[in-house]
Amino acid sequence: MKAIRRFTVRPVLPEPLRPLSGLARNLRWSWHPETRELFEAVDPGGWAAAGRDPVRLLGAVSATRLAELAGDRRFLERLAAVAAGLEEYLGGDRWYQQQSGGAELPAAVAYFSPEFGVTAALPQYSGGLGILAGDHLKAASDLGVPLIGVGLLYRHGYFRQSLSRDGWQQEHYPVLDPNELPLSLLREADGTPSRVALTLPGGRSLRACVWQARVGRVPLLLLDSDIEDNGPTEREVTDRLYGGGSEHRLLQEMLLGIGGVRAVRTYCRLSGHPEPEVFHTNEGHAGFQGLERIRELKDTGLGFDTALEAVRGGTVFTTHTPVPAGIDRFDRELVARHFGDDGVLPGVPTDQVLRLGRETFPGGEPNLFNMAAMGLRLAQRANGVSTLHGAVSRQMFAGLWPGFDPQDVPITSVTNGVHAPTWVAPEIAALGDSGVGEVPDADLWDVRRALREQLVYEVRDRLRASWHQRGAADAELGWIDGVLDPDILTIGFARRVPSYKRLTLMLRDRERLTQLLLHPERPIQIVVAGKAHPADDGGKRLVQELVKFADDPRVRHRIVFLPDYGMAMAQKLYPGCDVWLNNPLRPLEACGTSGMKAALNGCLNLSVLDGWWDEWFEPDFGWAIPTADGSSSDEDRRDTLEANALYALIEDRVAPRFYDRTADPAALPGRWIEMVRRTMTTLGPKVLADRMVREYVERLYAPAAHAHRALDTERARELADWKSQVRAAWPGVAVDHVEAVSASTAGGSAELGSTLALQVRVTLGQLRPDDVEVQAVAGRVGADDTIADAQIFPLKPSGGPDQAGRWVYEGPLALDRTGPFGYTVRVLPTHPMLAAADLGLVALPTEATGEGGGVLMR
């Protein structure tokens, strides 16, 4: 018999134990060992049964045990110390508060993301984007950055994964009760739940309550549409992460962006938290937040263009995808219907909204609305998530800045990082306390073996549970007790399963892989995990292919697939592996932070040079898998070549180094241990989320806050008017003639160290010299005269315009490189509040402009 209604009965804690409630409700416990140890002491058996979730634990512990603890002096002393530690953490000055020039920093930053992976106890994430967002919040809290996180509360979260008997992925969507999660409702002063509301076509409304999670010092606001005020369709808007059809996804993203801004305003009003000066959009899903802020300004009397400039100044946009297929795109008519006169943003012209999402670049679809294009147009600052991904993003989005080379596209990069307290095993953290560089080889090797052994037992438990779900009986699972060996080289591979990550590349030559697994002297063992998107049958086939290979009795003790990859599994997997494998199609891995988490635990990386590994690879940290980039048109051949390179690396270099005992089985693999040590001491500090968040603060948040303050109503209006004038006048701008003079230039060659004196005549039409910058662009040239490694040389106006209205610009061009060398000139709009390429306008010489720009350096 089923209950007709479900609710949660909360325990009443004895007065001495009341601080436990506050500790359980602040997610700092998820990365603070002393707090976790305190909760484990409440009920060691119940702690494991509750999935190491303090809220669930306190809901299940017996009244007898609570009374016993209330009289336990030692426990109460521990409780008081931990509670005092949290209080000091929440209220004390940290890195952010100690910065000189703190007045230049934003009073607050609103950080929008469709998913947040803070802890397994709050399952609101699917993969790397959410884990990155969770790490961003936790690092911001540790640094004291005044962030407000904004997301959605999905009542089913992302799906739970299991396998059928034949290895096919199956999805399950357990219902999450917010009252059983570490959340509290945002309430008005009179105690009623706060609401945000969006107007929908046809007189409908989409309403949401706001749940609040405390991530250390950072509030995380999660909007929930499953409330009685909504109709059945609207209640389901926040049902599943990345679920539903196109309109369903559009409504989710409207609620996240537009409703999210309204939730932030409500939270700041009720809590007294400073209003955000900077809005950071983590991928395009939350891009509509910029439109809501434009509506707010329009309601004060500003025109659309003026409001747009004011909003852009304080907006940061981070793109995480290196492929167009990863971008959300909606039918323009669908967007127009929801943003029309009776839609969600009354007073904001629909045609202006649609213009922001237009695909104006070559190959763009005129009938689609592109969320990334809108995100870039609404943000004055944008970034990719690794140096390579920044370059890929500039290439991918170059069409939004026509006339500019990709290197000039105003998208920078901040390489992702990971939150060490979340991902570093306690045993590794203990080594760090004494300095990894000083730890004897034997101790470091013993810790690594102990972690590998923990993983072996974890894998066996999870594998047995998986086989039970697949319908197996205990009588046929005795072999699981022999799965994996704590003394064998262990390779990990775990991630989402889109095709470009190539889950099954390791199966390219199954016989060769089998030989590596069963090698008589240098065997390997592999632990694999990953989820395919529920709608991705191709990804599910890859999972099934891997599972069927791992089911083979010949190798099933050496390779396993673990279903339901998530944070709890990952926290055992990274420390327990010796090598972390990553073999995406380069350059389709934007960053790939799983290898960072592994590295922090002394696990060596074996990866294609993509994402962060392309940036920080050194032979001391692992191995680079050679790629067959020139074979990209023949994917089958490319996969074969790269798989063979992977097998060869493992066989010839990785395994021999791990098993190198200099002919003495009792000896230690000294070179391997030294690589582990170098990874932890030299690479480790680079991959930290603390470093990443500091970069965001210094390079993006602080400049955005400055721009936000500078672009008051009057200046924003001036900037909007200036842009309009420049766009209208730009067809009249031209480079008329270029001359270069050098005493040491003769016959098309010049001496290193000499200088060219450039003189350029330009027509500015209705513009003035203050409106433009004239530049020489110079560098080495290839056979097609393309300039590489370009340097910029600003030219200055010489006197006033001639009788024809042309201006002369002059300046020196230093010849500081040998070999084929070339230059060109260009005219750009310039304004103190803009990047050079901001308007996407540039005037270049034509073939008839003047003399050529190539010289040969000697």
Tyr154 and Glu115: side chain donor to acceptor below 3.5 Å
no
For His136 and Asn416, test the side chains for any donor-to-acceptor distance below 3.5 angstrom and give the result as yes or no.
no
State, with a plain yes or no, whether a side-chain heavy atom of [X] is found less than 4.5 Å away from one of [Y].
X      : Y      : value
Thr415 : Val687 : no
Leu600 : Leu688 : yes
Val42  : Leu38  : no

Could you check whether any side-chain N or O of [X] sits under 3.5 Å from a backbone N or O of [Y], counting only pairs where one atom can act as donor and the other as acceptor?
X      : Y      : answer
Arg558 : Gln525 : no
Asn26  : Gly216 : yes
Asn605 : Phe621 : no
Gln97  : Gly144 : yes
Tyr125 : Met567 : yes
Trp211 : Leu222 : no
Arg214 : Pro182 : no
Gln571 : Thr422 : yes
Ser225 : Thr238 : yes
Lys138 : Val215 : no

Closest heavy-atom pair and its distance - [X], [Y]:
X      : Y      : result
Tyr89  : Ser141 : OH-OG, 2.5 Å
Leu223 : Gly260 : CD2-N, 3.9 Å
Pro534 : Tyr173 : CG-OH, 3.3 Å
Leu129 : Tyr242 : CD2-OH, 3.5 Å
Phe561 : Leu463 : O-CD1, 4.1 Å
Val693 : Val145 : CG1-CG2, 4.0 Å

Got a second to check how far [X]'s [atom1] is from [Y]'s [atom2], nearest 0.5 Å?
X      : Y      : atom1 : atom2 : result
Lys572 : Asn601 : NZ    : CG    : 11.5 Å
Glu37  : His32  : CD    : NE2   : 9.0 Å
Arg694 : Trp95  : CZ    : CH2   : 6.5 Å
Leu256 : Ser113 : CG    : OG    : 7.5 Å
Phe493 : Asn582 : CZ    : CG    : 6.5 Å
Leu27  : Arg25  : CG    : CZ    : 9.5 Å

After noting the C-alpha distance and the side-chain angles of Asp239 and Asp226, does the key distance pass the side chain to side chain contact (heavy atoms under 4.5 Å, CB included) rule?
CA-CA 8 Å; Asp239 57 353; Asp226 189 11; over 6 Å; no
Candidate pair Asn282 and His320, rule side-chain hydrogen bond (donor to acceptor under 3.5 Å, both in side chains), full reasoning:
CA-CA 8 Å; Asn282 192 38; His320 287 263; 2.5 Å; yes
Electrostatic pair [X]-[Y], nearest N-O below 4.0 angstrom:
X      : Y      : value
Arg449 : Asp446 : no
Arg677 : Asp441 : yes
Lys531 : Asp564 : yes
Glu40  : Arg36  : no
Asp481 : Arg464 : yes
Asp142 : Arg94  : no
Lys597 : Asp135 : no
Glu68  : Arg65  : yes

Working note: Phe39 + Trp29, criterion ring-ring contact (aromatic ring centres under 6.0 Å, His included); need CA distance, chi angles, decisive distance, verdict.
CA-CA 9 Å; Phe39 280 111; Trp29 63 257; 7.3 Å; no
Is there a side chain to side chain contact (heavy atoms under 4.5 Å, CB included) between Leu241 and Gln124 once you walk through the steps?
CA-CA 8 Å; Leu241 178 58; Gln124 299 291 307; over 6 Å; no
Could you walk me through whether Tyr267 and Ser194 pass side-chain hydrogen bond (donor to acceptor under 3.5 Å, both in side chains), step by step?
CA-CA 9 Å; Tyr267 173 78; Ser194 298; over 6 Å; no
Evaluate Val547 against Arg470 for side chain to side chain contact (heavy atoms under 4.5 Å, CB included), listing each step before the verdict.
CA-CA 12 Å; Val547 170; Arg470 296 173 70 180; 3.8 Å; yes
The test is side chain to side chain contact (heavy atoms under 4.5 Å, CB included); show your working for Asp485 and Thr490 and say whether it passes.
CA-CA 9 Å; Asp485 183 323; Thr490 305; over 6 Å; no
Evaluate side-chain hydrogen bond (donor to acceptor under 3.5 Å, both in side chains) for Gln469 paired with Gln170, printing each intermediate quantity in order.
CA-CA 11 Å; Gln469 287 182 317; Gln170 297 179 318; over 6 Å; no
Can you tell me how the ring of Trp467 sits relative to the ring of Trp479, calling it parallel under 30°, perpendicular over 60° and tilted otherwise?
perpendicular
Step by step, work out the salt bridge (Lys or Arg N to Asp or Glu O under 4.0 Å) result for Glu674 and Arg678.
CA-CA 6 Å; Glu674 185 55 30; Arg678 290 277 294 168; 5.1 Å; no
